[in-house]
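Below you'll find the structure, written out as structure tokens, and then a few comments.
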Amino acid sequence: MSIPTPNEPGHRRPVVPRVAVVAPYWDFWEPTVGPALRTGRESLLSAVADQLGELDVEVVWQGLVDSAERGLSMGAEVAGLGPDTVLVVQTMAVPPAYVQAILDQLPQPVVIWALQDSTTISSEFDASHITSLGATVGTPMLTNLLHRTSRPFDLVLSSTGNPTAGASVADRLRAGAVAHRLQGARLARVGHPMDGYVCVDADDDDLQRALGMQVVRISPQEVRDRYQAVTDDEVEARRQDVDRHFAVGADTHQPGQRKEDLSRTLRLAVAMETLDRDNAIAAGAMNCHVPEIRFGEEPGLTPCFGLGCETTRGIPWSCTGDVLTAVAMLVAKGLSGAALYHEVEAIDFDTGEVAIANSGEHDLGWTIEGQTVGFEPNPWFAHDRRTGFRVRFELPAGPASLVGFAHQPGHPSGFGLVVAEGEITGRELAKNPTAGGIFRFTTSPVTEAWTRWASAGVNHHSAIAPGHLAHSVATVAKFAGVDCVVI
């Protein structure tokens with residue numbers, strides 16, 4: 001067990017979608033175009049699969065579907081492979097029942113790429129071109145069917161000459177994969193939310209009905225038991241990782257309380273990793289402010305560093321028992337490869353910026369090469385009997401999005417995602433006690449944007465992630481069957 005290297009190139013890893021690619025085909029048109037029609041569609045399908053592979057999409061199956069009977073056999077074959085999403089590459093007019101025979105066996109999200117095999121309409125346009133360039137004919141045949149059966153889908157239209165369309169398709173496939181993986185995802189809840197924190201709570205059964213997630217209840221006592229079961233060798237291995245990857249004070253390893261606090265911090269981080277591994281956890285929410293964790297003799301401190309290590313590894317955790325933000329973190333992490341648990345702490349009305357900070361959590365996926373990553377006692381808990389360590393760094397400048405998850409009583413699911421796009425401005429707060437930075441909404445002035453954000457039902461925590469994610473979050477919401485509010 002080890003800490004992922006914070007500055008490793010390409011360390012930020014969004015979800016890699018596992019995709020089945022289907023291309024509808026109809027031999028009815030072969031007399032018009034000639035025998036090259038089938039071989040041309042097969043070549044186009046292979047080119048699409050190769051392009052997706054270069055965009056971090058795993059194509060687990062690909063094929064032409066040229067009859068309803070073929071669709072039935074394909075559907076059974078593809079279902080056994082367990083893809084996250086299905087991509088239909090629609091290039092010509094084909095009876096939609098062919099693809100329906102596949103999709104009826106696959107509940108996964110559907111993305112349609114209406115792909116025209118030419119950028120222009122030439123002066124030689126004739127009956128063969130009407131057939132071979134028929135993406136805009138075949139696509140409504142299929143979307144009509146999906147629409148009438150209330151099956152959600154996402155649609156991209158482009159020519160084969162469009163250099164950015166593949167990336168747009170890959171983004172939608174990734175959103176579909178995130179939505180699909182929510183189904184059955186195991187969401188850990190350690191203890192109950194902090195006393196009175198009803199704003200961060202949600203009923204387990206409601207979450208399962210809305211998202212298909214499986215809530216796993218874990219007692220704080222189990223966390224303590226796992227902490228006590230960690231070996232000294234495991235702690236020492238983790239200590240060596242810390243020395244390699246972070247700016248650690250020279251006095252940290254000197255005999256005394258600071259060395260003991262470091263040892264406990266690392267032991268608790270290892271315990272969190274074993275908890276996630278043994279329970280196949282996808283995300284979690286913990287309230288550590290209980291006698292079995294922070295307020296007891298052991299561990300006797302907060303697990304902020306451990307929560308950050310797990311988030312960095314791809315299993316995001318929230319604090320104070322905030323199960324709603326744990327869902328938001330899982331979505332943001334899957335889409336962008338990094339997600340920082342945080343609060344919007346204060347507003348600079350002069351510049352239109354807001355301060356982003358938390359109580360010690362982190363995600364090392366959102367660091368940059370050469371950045372100094374601090375590792376020090378957590379100042380939030382400096383007055384505790386024991387003070388756990390935390391990671392500190394400034395978020396790098398660039399596009400960013402806030403992502404929240406909230407009750408939405410007006411929606412049939414009862415829940416919804418909330419997303420606001422903006423930017424990390426690069427302005428530094430040298431005394432910010434934890435990982436964080438300065439964010440600016442780019443959709444509207446800060447007073448309007450923040451008012452809309454709070455009015456959408458989010459609580460005081462949310463996830464912040466690199467990139468502009470509004471469309472991707474909305475796509476996740478559509479496929480997951482929950483509401484979405486875009487600020």
Side-chain angles (χ1 to χ4, degrees), residues 1-9 11-12 227 230 232-274 276 286 288 293-294 299-319 338-342 356-396 424 428-437 464:
M1 291 177 285
S2 62
I3 300 167
T5 305
N7 294 326
E8 178 186 346
H11 175 70
R12 188 186 305 164
Y227 167 88
V230 174
D232 291 342
D233 288 344
E234 289 173 316
V235 173
E236 179 57 29
R238 187 61 64 98
R239 189 193 311 275
Q240 292 175 13
D241 286 329
V242 166
D243 286 341
R244 280 195 300 270
H245 302 322
F246 303 116
V248 180
D251 62 336
T252 300
H253 299 313
Q254 298 300 316
Q257 179 161 332
R258 179 167 286 195
K259 182 178 181 180
E260 173 62 20
D261 289 354
L262 172 62
S263 177
R264 293 187 180 212
T265 296
L266 302 181
R267 191 177 299 274
L268 192 48
V270 174
M272 289 301 303
E273 186 170 337
T274 66
D276 284 342
M286 175 187 288
C288 70
I293 304 176
R294 178 188 173 193
L301 41 67
T302 61
C304 306
F305 177 70
L307 301 187
C309 288
E310 292 308 283
T311 299
T312 301
R313 290 199 314 115
I315 305 172
W317 277 80
S318 65
C319 188
L340 183 68
Y341 175 77
H342 77 284
I356 297 296
N358 57 36
S359 56
E361 299 77 16
H362 68 271
D363 186 337
L364 299 179
W366 206 352
T367 56
I368 57 177
E369 187 174 359
Q371 183 175 9
T372 299
V373 180
F375 183 80
E376 301 167 344
N378 191 337
W380 280 112
F381 306 105
H383 299 293
D384 283 10
R385 288 186 304 163
R386 295 196 176 276
T387 302
F389 281 66
R390 60 90 173 101
V391 167
R392 186 197 181 281
F393 58 89
E394 293 282 343
L395 295 175
I424 300 296
E428 294 189 2
L429 298 175
K431 295 186 178 181
N432 192 348
T434 57
I464 186 168

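Please read these numbers as outputs of a predicted model, since none were measured by experiment.
Between F375 and F305, the angle of the ring planes goes over 60°, which puts this pair in the perpendicular group of the 30/60° scheme.
Taking 4.5 Å as the limit, every side-chain heavy atom of Y227 sits out of range of all side-chain heavy atoms of I293.
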Inset, instruction - Test side-chain contact (heavy atoms from CB on, under 4.5 Å) on L266 and F389 and set out the steps. - result: CA-CA 9 Å; L266 302 181; F389 281 66; over 6 Å; no

Inset, instruction - Please step through ring pair (Phe, Tyr, Trp, His ring centres under 6.0 Å) for the pair H362 and Y341, ending with a clear verdict. - result: CA-CA 7 Å; H362 68 271; Y341 175 77; over 10 Å; no

Legend entry - M272/I315 under side-chain contact (heavy atoms from CB on, under 4.5 Å): CA gap, chis, key distance, verdict: CA-CA 10 Å; M272 289 301 303; I315 305 172; over 6 Å; no

Inset, instruction - Evaluate the side-chain contact (heavy atoms from CB on, under 4.5 Å) criterion for residues H245 and V373: first the C-alpha distance (whole Å), next the side-chain angles of each, then the deciding distance (0.1 Å), finally the verdict. - result: CA-CA 8 Å; H245 302 322; V373 180; over 6 Å; no

Legend entry - side-chain contact (heavy atoms from CB on, under 4.5 Å) assessment of R390 paired with W380: CA-CA 10 Å; R390 60 90 173 101; W380 280 112; over 6 Å; no

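One finds the CG atom of L301 at 10.0 Å from the CZ atom of R385 (value rounded to the nearest 0.5 Å). In this structure, CZ in R239 is found 10.0 Å from OG1 in T265, a value given to the nearest 0.5 Å. Here the OG1 atom belonging to T311 is positioned 8.5 Å from the CG atom belonging to L340, to the nearest 0.5 angstrom. For the atom pair CG (L307) and OG (S318), the distance works out to 8.0 Å, reported to the nearest 0.5 Å. A distance of 8.0 Å separates CG in N432 from CG in N358, rounded to the nearest 0.5 Å. Taking CG of L395 as the reference point, atom CH2 of W366 lies at 5.0 Å (rounded to 0.5 Å).
For H342, the side-chain hydrogen bond (donor to acceptor under 3.5 Å, both in side chains) partners are S462, not counting sequence neighbours. For the salt bridge (charged side-chain N to carboxylate O under 4.0 Å, His left out) test, no residue two or more places apart in sequence or in another chain qualifies with E428.
Judged by distance alone, the side chains of S359 and E361 do bring a donor and an acceptor atom under 3.5 Å apart.
Contact between A271 and V230 at its shortest, heavy atoms only, is N-CG2, 3.9 Å. The two residues D363 and A338 come nearest to each other via the heavy atoms OD2-CA, 3.2 Å. R386 and G300 get closest at one heavy-atom pair: CB-O, 3.5 Å. Residues N378 and C304 share a closest heavy-atom pair of ND2-SG, 3.8 Å.
Using a 4.0 Å cut-off between charged side-chain N and carboxylate O, R238 and E273 make a salt bridge. Taking 4.0 Å as the cut-off between side-chain N and carboxylate O, R392 and E376 do not count as a salt-bridged pair.
A donor-acceptor contact shorter than 3.5 Å is absent between the side chain of R294 and the backbone of T302. Under a 3.5 Å cut-off, the side chain of R258 and the backbone N or O of T387 do not form any donor-acceptor pair.
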